[in-house]
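Input: a single structure, listed below in structure tokens.
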Amino acid sequence: AFIRMNVQNYLAERPGLFFAKDEAVEITVVFHLSRPKSTPKKVKYPVKRPDLDKLERCVGDALNKVLYADDSQIVKWAVEKEYAIGPSMVEIEFKERV
């Protein structure tokens, strides 16, 4: 719900930005997850849950009917998770794949 709401707010400032049914979409996502206090600073990547594929699916579903007509339009994903330097956050970039 959080991702969907933020993307809706972003798109509200950019009327007409919606990928039609026949447009291919490329999405890049970086999940910046909070670091548990017990995790050493040298550990850069969280190798524990949540699973990356589940996080990816969450973003795909959240953007369905908001950014594109159907998540089957996604033809390229670039997804990673890492520990956040500050607060947890999700970075999402998208563009038409031509």
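Below, each value reflects all heavy atoms present in this structure, side chains not excepted, and no hydrogens, waters or symmetry copies.
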*Report yes if the side chains of Val79 and Val30 come closer than 4.5 Å at any heavy-atom pair, otherwise no.*
no
*Counting only heavy atoms not in Arg49, do more than 12 sit closer than 6.0 Å to its CZ atom?*
no
*Could you state the interatomic distance from NZ (Lys54) to CZ (Arg57), rounded to the nearest 0.5 Å?*
6.0 Å
*About how many Å separate OH of Tyr45 and CD of Glu82, when rounded to the nearest 0.5 Å?*
6.0 Å
_Any donor-acceptor pair under 3.5 Å from Arg35 side chain to Pro40 backbone_ = yes
*Around atom CD of Glu93, are there more than 12 heavy atoms of other residues, nucleotides or ligands at under 6.0 Å?*
no
*Side-chain donor/acceptor of Glu13 to backbone N/O of Tyr10, under 3.5 Å*: no
*Are any of the side-chain heavy atoms of Thr28 and Ile92 separated by less than 4.5 Å?*
no
_Any non-hydrogen side-chain atom of Phe94 less than 4.5 Å from a side-chain atom of Leu17?_
yes
_Whether Gln73 side chain and Ala20 backbone form a donor-acceptor pair below 3.5 Å_ = yes
*Flag this pair as yes if the NZ/CZ of Arg4 is under 6.0 angstrom from the six-membered ring centre of Phe2 and inside a 45 degree cone about the axis; otherwise no.*
no
*Without swapping roles, check the side chain of Asp70 against the backbone of Ser72 for a donor-acceptor pair under 3.5 Å.*
yes
*Are Leu52 and Ile3 grouped together when hydrophobic residues (ILVMFWY) are joined by side-chain heavy atoms under 4.5 angstrom apart?*
yes
*Would you please test Lys44 and Tyr83 for side-chain contact (heavy atoms from CB on, under 4.5 Å) and show each step?*
CA-CA 6 Å; Lys44 185 174 180 183; Tyr83 283 124; 5.9 Å; no
_Do His32 and Glu91 make a side-chain contact, defined as non-hydrogen atoms from C-beta onward lying under 4.5 Å apart?_
yes
*asked:* Could you check whether any side-chain N or O of Lys81 sits under 3.5 Å from a backbone N or O of Pro50, counting only pairs where one atom can act as donor and the other as acceptor?
replied: yes
*Exercise: identify the closest heavy-atom pair between Val59 and Tyr68*: O-OH, 4.1 Å
_I need the minimum non-hydrogen distance between Ser88 and Leu33, along with the two atoms involved._
OG-C, 3.7 Å
*Do you know the tightest heavy-atom contact between Ser34 and Pro36?*
O-CD, 3.5 Å
*I would like to know whether Asn6 and Val90 meet side-chain contact (heavy atoms from CB on, under 4.5 Å); could you show each step before the answer?*
CA-CA 10 Å; Asn6 279 293; Val90 179; over 6 Å; no
*Would you say Val66 and Val75 are hydrophobically clustered, going by side-chain heavy atoms of ILVMFWY under 4.5 Å?*
no
*Over all atoms of both residues, closest heavy-atom pair of Gly60 and Asp71*: O-CB, 3.9 Å
*Any side-chain heavy-atom pair from Val7 and Asn9 closer than 4.5 angstrom?*
no
*Just wondering, do Ile74 and Phe19 contact through their side chains at under 4.5 Å, heavy atoms?*
no
